[in-house]
Amino acid sequence: PTPSPTVATLAVCGDIMSHMPVTNDAWDEGQGSYDYSPIFAQAAPYLQAADYAVANLETTLSETGPYSGYPAFKSPAALAGDLAEAGFDLLLTANNHCLDRGWDGLVSTLDALDGAGLAHVGTCRSAEERAENTIHVADVGGISVAFLGYTYGTNGIPVPQGRDYAVSLFNTDYMTTLSTPDTGRLEEDLAAARALDTDLIAVMIHWGVEYQTTQNSYQEELADLLISNGADLVLGGHSHVPQPIEQRTVAGWDGTERTGFVCYSLGNFISNQQDLETRTTAVLELELTQDPGTGETNLTDVSYLPYYMVHRNGQPAGQQRYLVNIHQTLADQAVDGLPLTAAETQELQAALEHCHAILG
């Protein structure tokens with residue numbers, strides 16, 4: 001019989017943020033513990049159905065409080081387990097908030113993710129870990145994907161002295177102008193990824209300008225650099241609002257023409273930001289197909305499910321923050337059994353239009 005192609009699905013989500021209203025809403029008084037699962041329950045079936053799911057974790061995690069939101073995030077370690085149960089497999093930990101709680105916060109975050117069985121890329125606890133885990137190779141439904149992760153900076157917090165391995169930074173001037181890419185480091189890391197001979201290479205990257213719904217020229221230039229050096233997928237975040245998706249074609253490191261897929265940002269996956277743009281997001285689904293004859297793997301389909309963060313401050317704790325599937329919620333005209341108000345219906349319709357306007 002003719003061999004069938006290998007087809008896999010990679011689900012991509014935006015920034016996971018736990019502002020204090022989100023943290024407080026995750027507190028389950030009956031259990032005496034934190035439980036985030038109701039907040040993103042409507043996304044879980046799609047994440048679990050995918051062969052692999054990734055997102056950006058934009059907070060630090062700890063087993064002990066007191067917890068805090070912006071500007072120095074510290075969230076319950078229970079979030080890690082709830083994300084794993086929801087279907088996530090890998091989280092980017094390199095972002096501008098990864099050093100919010102210093103070295104100890106970086107370490108406790110990675111410890112919590114390890115305890116939940118979640119892979120991570122972008123920050124490290126030792127030089128040995130940096131050497132071994134700069135690239136995370138994942139089996140995505142029978143297709144091997146090498147994941148790398150980077151951030152533009154750390155909100156003016158210096159990487160601890162003597163621990164240059166701690167955060168994967170793509171700017172050499174991460175403490176000042178944030179405008180000079182560390183080309184040597186990126187080229188070296190991507191050469192190492194190519195040497196692993198995986199089917200695809202994906203770069204998860206924290207970049208761009210907050211609250212801008214279009215990418216800037218620096219993002220485009222950086223995307224071209226990554227694709228030129230072997231990246232097939234560039235999965236961005238940080239803007240807190242969705243930014244476009246596109247394919248870009250450049251000359252590769254070996255002189256051949258290369259095409260890569262770029263998602264500049266999916267906005268916030270969960271957060272307590274208030275604007276319609278910051279509460280609109282999507283679960284991006286990338287179909288990956290490997291030809292059984294040639295062994296070549298390509299991105300063969302791109303789709304997305306629009307989501308929105310509904311806020312209901314008048315409800316009891318635990319029933320105030322919901323990430324909802326917009327199509328499903330408009331059809332049901334209810335969230336968690338409570339009917340939508342006319343204002344909520346209008347808000348969801350506006351969010352859907354905004355999502356389509358940005359992502360196509």
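Along the sequence shown, residues carry numbers from 1. Note: hydrogens, waters and symmetry copies are ignored here, and every other heavy atom, side chains too, is used.
Side chain of Asn325 to main chain of His327: a donor-acceptor pair is present (N/O by atom type, distance under 3.5 Å, no hydrogens or angles). With hydrogens and angles ignored, the 3.5 Å screen pairs no side-chain donor or acceptor of Asp232 with any backbone N or O of Leu200. Looking only at distances, no side-chain donor or acceptor of Gln328 sits under 3.5 Å from a matching main-chain atom of Ile326.
Residue Leu330 holds its CG atom at 6.5 Å from OG1 of Thr345, rounded to the nearest 0.5 Å.
In the model, Asn133 has no side-chain atom that pairs as donor or acceptor with a side-chain atom of His120 under 3.5 Å.
Between Phe147 and Tyr52, the distance separating the two ring centers is shorter than 6.0 angstrom. In summary, the aromatic rings of Tyr264 and Trp207 are positioned with their centroids under 6.0 Å apart. Phe40 has its ring centre no less than 6.0 Å from the ring centre of Phe88.
At a threshold of 4.5 Å between non-hydrogen side-chain atoms, the residues Asp199 and Ser144 count as touching. Using a 4.5 Å cut-off on side-chain heavy atoms (C-beta onward), Thr151 and Leu169 make contact. Residues Ser108 and Glu63 have side chains not in contact (no heavy-atom distance under 4.5 Å, counting atoms from C-beta outward). For the pair Thr278 and Asn268, the minimum side-chain heavy-atom distance is below 4.5 Å. Taking 4.5 Å as the limit, some side-chain heavy atom of Tyr36 sits within range of a side-chain heavy atom of Ser18.
Of all non-hydrogen atoms in Cys98 and Thr154, the two that sit nearest each other are SG-CG2, 4.1 Å. The shortest non-hydrogen separation linking Gly237 to Asp15 is CA-OD1, 4.0 Å. Contact record, Gly153 with Tyr174: CA-CB, 4.1 Å, taken as the closest heavy-atom pair. Between Gly149 and Val121, the closest heavy-atom pair is N-CG2, 3.6 Å. Contact detail for Arg321 and Pro21: the closest heavy-atom pair is NH2-CB, 3.3 Å.
Cluster partners of Trp253: none. The rule joins Ile, Leu, Val, Met, Phe, Trp and Tyr whenever side-chain heavy atoms lie under 4.5 Å apart, and it links nothing here.
Of the residues Leu91, Thr93, Leu90, the one that meets the side-chain contact (heavy atoms from CB on, under 4.5 Å) test with Met204 is Leu90.
With sequence neighbours left out, Glu129 forms a salt bridge (Lys or Arg N to Asp or Glu O under 4.0 Å) with Arg125.
Comment: Asp189 engages Arg130 in a salt bridge, judged by a side-chain N to carboxylate O separation of less than 4.0 angstrom.
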Show which side-chain atoms of residues 222-231 pair as donor or acceptor with protein atoms under 3.5 Å away, not counting sequence neighbours.
from: Asp224; atom 1: OD1; to: Arg248; atom 2: NE; distance (Å): 2.6
from: Asp224; atom 1: OD1; to: Arg248; atom 2: NH2; distance (Å): 3.4
from: Asp224; atom 1: OD2; to: Arg248; atom 2: NH2; distance (Å): 3.1
from: Ser228; atom 1: OG; to: Ala251; atom 2: O; distance (Å): 2.8
from: Asn229; atom 1: ND2; to: Leu225; atom 2: O; distance (Å): 2.9

